[in-house]
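Right, one structure below, let's go through it.
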Amino acid sequence: MPGFRPACPHTRPRPEPNPAGPDGAGRTRAQQTNANEPPPMKSRATLPGSRLGAASMRLWGAALAAQLLLAGCGGKDHLRQYPQTTFYPTTEYARTTDWLFKLALVLGVVVGVAVLGILVLFLWKYRYRPGAPEPKQIHGNTRLEVAWTLIPAVILAGIAVPTVKAIFATQPEPPADAVTIEVIGKQWWWEFRYPQPNGDTLVTANEIHVPVGRTVHLLLKSDNVLHSFWVPQMGGKRDLITNRVNHLIFKPEQPGVYFGQCAEFCGTSHSLMRLRMIAHTQAGYQQWLASENAPAAEPAPADSAVALGKQLVVQGACAGCHYIKGTPMAAHVGPALTHFGRRRTLAAGIMDNNAANLHRWLANPPEVKPGSKMPNLNLTDQQITYITAYLQSLQ
Ligand code: CUA
């Protein structure tokens, strides 16, 4: 697909300014990422034969330790390079699982080093020597057997107790003032439904907006296959299952734009089922709600490209699948498009939302997103230009 540049979080810096993370100090990408990269591999010329010199070993040891430390501390550069990192938790939920992971990692390293150390020691101490007597047999030694049953049991309990505590801590009862949002997994995009106090429902897609300082209660559903909602900095993965409602409860603390992704294989374009979570201040969230609740902007003047685009969208095949508030379009097969022009990304977080990418998407959706339920409508270039103008006008 010439020219197609998916917005992969692992291959490009995050496009949006994020008050929650990067410092925005205006450094180049190379400067941003160097701190996280190991020193360049030494050439064979500096490593006589195939053996690593002691100095090289020390260097690599230091580099490895620095990597682990950086990963563990969740440095801001690390976040910029890997926006879906789990090492930069920003909620109580995410910190709980992060702490649990680090505990298990440390215990695992201690046990691994101890077991392998003892193994190597015994291999050396009791190695074969010509003429040596047969070693003393330990079969039936009750004290030893009790010891090597008890020690692993204590270690497992040491992990089980905080694990069970974390399971309960991350599944609390939501408070009465929690912001409830329905999340519906589609193939391969996300629908978000905000029940309103007046009984209406605000429907949007692929970018979920939440307030900081208030508990967010997601009701996770699917009307097709299994999906899994995951915004690593906010909390753990949780499945969306047909005929069942799962709950995900967390309290955002820092305004910003957070990357997320479907984390359960759900078909051809599973890896292209991404999302953004935008955390607002409480005032910003109320503003967003009010503007998002407004009907779509009317094109003016009536003979503009925008108006021609609206005519194509509302009277054409688009109306069979999409919803645009304030127009006759009321279908919910595809994403709601009422304020599509404001979204940062399109096609579920895989591309920046701009005219060129929109043009490419409309020209042949299944080519951009294999298996897409939006078919190639064989639109002409002119029609695509009009439709793009209309969609971009939906601010
Ligand atoms: Cu939805 Cu993977």
Side-chain angles (χ1 to χ4, degrees), residues 1 4-12 14 82-86 93-94 97 170-171 180-194 201 203-210 216-250 257-279 321-323 331-337 340 343-353 357 361 364-376:
M1 212 179 319
F4 172 56
R5 299 265 304 274
C8 172
H10 297 291
T11 55
R12 59 195 284 279
R14 66 192 323 174
Y82 303 106
Q84 277 176 214
T85 179
T86 57
Y93 182 136
T97 48
T170 55
Q171 306 199 45
T180 302
I181 306 169
E182 261 184 87
V183 178
I184 301 157
K186 304 279 189 172
Q187 279 178 307
W188 289 270
W189 57 278
W190 306 89
E191 184 164 274
F192 303 117
R193 293 177 159 257
Y194 296 70
T201 301
V203 187
T204 179
N206 296 328
E207 294 187 356
I208 179 169
H209 293 248
V210 295
V216 173
H217 177 196
L218 302 184
L219 306 174
L220 306 171
K221 304 172 182 181
S222 172
D223 58 7
N224 46 88
V225 297
L226 288 184
H227 303 274
S228 177
F229 185 90
W230 190 36
V231 179
Q233 287 181 265
M234 292 288 168
K237 302 166 180 170
R238 195 140 304 160
D239 282 4
L240 296 87
I241 303 169
T242 316
N243 295 329
R244 186 190 154 84
V245 181
N246 266 351
H247 303 261
L248 191 63
I249 293 155
F250 56 93
V257 179
Y258 299 86
F259 281 67
Q261 162 114 38
C262 178
E264 177 81 51
F265 181 70
C266 54
T268 320
S269 279
H270 153 70
S271 68
L272 301 178
M273 185 171 171
R274 302 179 198 161
L275 71 132
R276 299 285 189 279
M277 179 175 284
I278 295 110
C321 294
H322 293 280
Y323 165 79
H332 286 286
V333 179
L337 301 174
F340 172 83
R343 290 189 198 145
R344 292 160 169 76
T345 60
L346 63 95
I350 64 172
M351 300 187 285
D352 290 337
N353 185 5
N357 284 337
W361 169 255
N364 193 351
E367 189 193 46
V368 178
K369 182 171 272 195
S372 165
K373 301 225 161 131
M374 175 156 162
N376 181 349

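Order of appearance sets the numbers: ligands from 1, and atoms from 1 within every ligand.
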CG-CZ distance between L218 and F192, expressed to the nearest 0.5 angstrom: 8.0 Å

Results of side-chain contact (heavy atoms from CB on, under 4.5 Å) for Q171 - residues two or more places apart only: I167, R238

Atom of S222, atom of G185 and distance for their closest heavy-atom approach: OG-O, 3.9 Å

Heavy-atom pair of closest approach, residues Q84 and P232: O-CG, 3.3 Å

Under-2.8 Å neighbours of atom 1 (Cu) of ligand 1, protein N/O/S atoms only: 4

Close side-chain approach of H227 and K186, heavy atoms under 4.5 Å: no

Aromatic F259 / basic R276 pairing, under 6.0 angstrom, 45° off normal: yes

